[in-house]
Amino acid sequence: MGSAEHQAGGGPTDTDLPPHFVVNDRLALERQSESFNSVRVQLVVLLLATVVAMLAEHLPGHAMSALAAVLYALTIALGLCDSWRRPRAHWQAHRAAAEILRSAAWQYMAHGGPYHAAAVEPEALFGRRLEERLRELRRVGWQDVRDDAQLGSWQITDGMRAIRSRPFVERRDLYVRERLRGQLDWYRDRAARTRRAAARWSALTAVLTLCALVAAVLRAFGVLQHWDLTGLLSAAAAAGVAWQEARRHRPLTYAYKLIERDLTVLEGRLGAMTAQGEWAEAVAEVERIVSPQHTDWLARFGS
């Protein structure tokens, strides 16, 4: 979008944000999907191997036993491949890079944090601080695909400059509307979705565990002597628990609700500001709260 839209009062689009944000956001989504698909496939193959192994005890020949061995070997191979490719680590690194770029862009546009109205050479400062943050990610394995022409202040777009040049009231309203409320809506929606997912998976694993208990009792009393369903149901319940651990439903619900509460308070505070006195610090506080590092820190207490 061009500068005319910004002067008319519109909010920034992805094309107005740093170009490398778009790249890392896309890569983060791809690696996230790869990570969850990898876990899902491993659990499904392991359950299939358990089913086939149970059937092998009652069917003639060795074909089912051989198939079970192949499936167990495939589960191991998938785990080793996942350890080598490290999709979760790459997903988190790209997500951290994308959020660093987006947060820096919003602070620059809104005169927040270190990019306040009195900042000397804000574009040069933006470039230095951005490279410092990204340098930390490189040390933990993040792969930077930029060339030299895309470093530092070159990530500042014309759209970002246009928004930064607006009067305070316009910047305040845009930041509260597009950034703060946008994040508030996102966290509110995610909190509701993860809470529902946690309830569904907890109920499923509880039912499977109860069924395993019933199967064990029936087997102890001489019923179902030829079919050991306890092992299969226990494996299915364990797979459900493993999936919940991979998705972190409960701890993320806890983190999202706390962040939603904090953003609600800040929405009223920022929206009522009429001068730039405490504005920069308030914007920096919003960006700290919505950072992935803060979410992960809160999620540890919800585990």
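Because the structure is predicted, anything quoted here is derived from the model rather than measured. Values below: every heavy atom of this structure, side chains too, minus hydrogens, waters and symmetry copies.
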With sequence neighbours excluded, tell me which residues meet side chain to side chain donor-acceptor pair (under 3.5 Å) with [X].
{"X": "Arg248", "value": "Asp296"}
{"X": "Gln183", "value": "none"}
{"X": "Thr194", "value": "Thr253"}
{"X": "Glu136", "value": "none"}

Got [X] and [Y] here, is their nearest side-chain heavy-atom distance under 4.5 Å?
{"X": "His294", "Y": "Ile259", "answer": "yes"}
{"X": "Gln92", "Y": "Arg88", "answer": "yes"}
{"X": "Val286", "Y": "Leu263", "answer": "yes"}
{"X": "Arg300", "Y": "Pro251", "answer": "no"}
{"X": "Arg161", "Y": "Glu123", "answer": "yes"}

[atom2] on [Y] to [atom1] on [X], rounded to 0.5 Å:
{"X": "Leu258", "Y": "Phe301", "atom1": "CG", "atom2": "CZ", "result": "10.5 Å"}
{"X": "Leu27", "Y": "His90", "atom1": "CG", "atom2": "NE2", "result": "10.5 Å"}
{"X": "Arg172", "Y": "Leu180", "atom1": "CZ", "atom2": "CG", "result": "12.5 Å"}
{"X": "Thr295", "Y": "Arg190", "atom1": "OG1", "atom2": "CZ", "result": "11.0 Å"}
{"X": "Leu229", "Y": "Arg219", "atom1": "CG", "atom2": "CZ", "result": "8.5 Å"}
{"X": "Asp25", "Y": "Asp14", "atom1": "CG", "atom2": "CG", "result": "6.5 Å"}

> What residues, two or more places apart in sequence or in another chain, satisfy ring-ring contact (aromatic ring centres under 6.0 Å, His included) together with Trp279?
Replying inline: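 For Trp279 the ring-ring contact (aromatic ring centres under 6.0 Å, His included) partners, ignoring immediate neighbours, are Phe168, Tyr175.
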>> If the condition is ring-ring contact (aromatic ring centres under 6.0 Å, His included), which residues does Tyr256 pass it with, not counting sequence neighbours?
In response: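 Result, ring-ring contact (aromatic ring centres under 6.0 Å, His included) vs Tyr256: Trp186, Tyr187.
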Check for me, please, whether [X] and [Y] land in the same ILVMFWY cluster - side-chain distances under 4.5 Å, paths through other members count.
{"X": "Tyr72", "Y": "Val51", "result": "no"}
{"X": "Val70", "Y": "Met64", "result": "no"}
{"X": "Met273", "Y": "Leu174", "result": "yes"}
{"X": "Trp297", "Y": "Tyr254", "result": "yes"}
{"X": "Val265", "Y": "Leu270", "result": "no"}

> Could you go step by step and tell me if Lys257 and Leu298 meet the side chain to side chain contact (heavy atoms under 4.5 Å, CB included) rule?
Replying inline: CA-CA 10 Å; Lys257 289 301 293 182; Leu298 291 176; over 6 Å; no
Hey, does the side chain of [X] reach the backbone of [Y] with a donor-acceptor pair shorter than 3.5 angstrom?
{"X": "Ser33", "Y": "Glu30", "value": "no"}
{"X": "Thr205", "Y": "Trp201", "value": "yes"}
{"X": "Ser165", "Y": "Ala162", "value": "yes"}
{"X": "Glu178", "Y": "Pro12", "value": "no"}
{"X": "His111", "Y": "Arg164", "value": "yes"}
{"X": "Arg171", "Y": "Arg166", "value": "yes"}
{"X": "Thr157", "Y": "Asp16", "value": "yes"}

Which atom pair, heavy atoms only, marks the closest approach of [X] to [Y]?
{"X": "Val176", "Y": "Gly271", "value": "CG2-N, 4.2 Å"}
{"X": "Ala117", "Y": "Gln276", "value": "CB-OE1, 3.7 Å"}
{"X": "Ala284", "Y": "Gly113", "value": "CB-CA, 3.9 Å"}

>> Please evaluate residues Leu184 and Thr264 with respect to the criterion side chain to side chain contact (heavy atoms under 4.5 Å, CB included), reporting the C-alpha separation (whole Å), side-chain torsions for both, the decisive distance (0.1 Å), and the verdict.
In response: CA-CA 7 Å; Leu184 179 57; Thr264 300; 3.6 Å; yes
With a 3.5 Å cut-off and sequence neighbours excluded, list the donor-acceptor pairs that the side chains of residues 231-245 form with protein atoms.
unit_1, atom_1, unit_2, atom_2, d
Ser234, OG, Thr230, O, 2.7

>> Please determine whether ring-ring contact (aromatic ring centres under 6.0 Å, His included) holds for the pair Tyr115 and Phe126, giving the CA-CA distance in whole Å, both sets of side-chain angles, and the decisive distance to 0.1 Å.
In response: CA-CA 8 Å; Tyr115 314 111; Phe126 179 93; 5.8 Å; yes
> Run the salt bridge (Lys or Arg N to Asp or Glu O under 4.0 Å) check on Arg128 and Glu132 step by step: do they pass?
Replying inline: CA-CA 6 Å; Arg128 289 195 304 271; Glu132 289 172 2; 5.8 Å; no
>> Tell me whether Arg138 is salt-bridged to Glu131, with the criterion being a basic N under 4.0 Å from an acidic carboxylate O.
In response: yes
> Among Arg188, Arg179, Arg181, which one satisfies salt bridge (Lys or Arg N to Asp or Glu O under 4.0 Å) with Glu267?
Replying inline: Arg181
> Which pairs, with at least one residue in residues 61-86 and sequence neighbours excluded, count as a salt bridge (charged side-chain N to carboxylate O under 4.0 Å, His left out)?
Replying inline: Glu34-Arg85
> According to the salt bridge (charged side-chain N to carboxylate O under 4.0 Å, His left out) rule, which pairs have a member within residues 193-208, sequence neighbours left out?
Replying inline: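 Sorted pair list: Asp189-Arg193.
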I'd like a table of donor-acceptor pairs (distance under 3.5 Å, sequence neighbours excluded) in which one partner is a side-chain atom from residues 39-48, with atom names and distances.
unit_1, atom_1, unit_2, atom_2, d
Arg40, NH1, Asn37, OD1, 2.4
Gln42, NE2, Ser38, OG, 3.4

Tell me which donor-acceptor pairs under 3.5 Å the side chains of residues 97-106 have, and how far apart each pair is, sequence neighbours excluded?
unit_1, atom_1, unit_2, atom_2, d
Glu99, OE1, Arg102, NE, 3.4
Glu99, OE1, Arg102, NH2, 3.2
Glu99, OE2, Arg95, NH1, 3.1
Glu99, OE2, Arg102, NH2, 2.6
Ser103, OG, Gln107, NE2, 3.4
Ser103, OG, Glu287, OE1, 2.9

>> Who clusters with Ile76? Use side-chain heavy atoms, under 4.5 angstrom, across I, L, V, M, F, W and Y, and order the result by chain and number.
In response: Leu80
